[in-house]
Amino acid sequence: MSYALTIEPLGQTIEIEEGQTILDAALRAGIYLPHACCHGLCATCKVQVTDGEVEHGEASSFALMDFERDEGKCLACCATPQGDLVIEAEIDEDPDAENLPVQDYDGTVARIETLTPTIKGVWIKLDAPIRFQAGQYINLELPGGIGSRAFSIASPPSEAGEVELNIRIVPGGQGTGYVHETMRAGERVRITGP
Ligand code: FES
């Protein structure tokens, strides 16, 4: 089941699936909403719902306080629709931004190199080319219930068939720990981006 999501001040209406977050729907439609942690913790993605109801999902009570919920605010990275929605977002018009739609890309880990004692270089050969702008990042899906982690793309946009990620190990981090200790060349992976 899908609903209509209208994003002001752009006045653009896009489709959003039941259970899909506002942020995911916007990014996949090529509309860039500010965001950072994507887990309901930082409040970068806070938007005003001006019409309709949302389910707040995993929004933390620090990032989205009770009075803000009462005022109709929500965190776009966690909020899912309960019907048609209209939101008001702070969208910076960046004249250089191409607003490329976010998509899923499957690929194979082509090689992994130790760049420094704490950083691995991971090259992922994609089944289909990716379009991105310098400075953008992707989400890498990791197996075993780890979930996805965001990493900046280290390779230039001209290399559309293969992305390079430079991944620094985070002490105790499940995602970067997996990349450093378990991931092998030949492994099939999925990335979402840009
Ligand atoms: S992006 Fe951090 S709370 Fe949504």
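Just follow the structure's listing: the first ligand is 1, and inside any ligand the first atom is 1.
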- Task: Measure the spacing between OG1 of T192 and OH of Y105 and express it to the nearest 0.5 Å.
- Result: 9.5 Å
- Task: Nearest 0.5 Å please: distance from the CG atom of L85 over to the SG atom of C74.
- Result: 7.5 Å
- Message: Tell me if a side-chain donor or acceptor on Q136 pairs with a main-chain N or O of Q133 at a distance below 3.5 Å.
- Response: yes
- Determine yes or no for a side-chain-to-main-chain donor-acceptor pair under 3.5 angstrom, with E159 supplying the side chain and E162 the backbone. no
- Query: Using 4.0 Å as the upper bound for N to carboxylate O, is an ion pair formed by K46 and E68?
  - Reply: yes
- Query: Any ion pair linking D106 and K125 (charged N to carboxylate O, less than 4.0 Å)?
  - Reply: no
- Task: Measure distances from atom 4 (Fe) of ligand 1 and count the protein N, O or S atoms below 2.8 Å.
- Result: 2
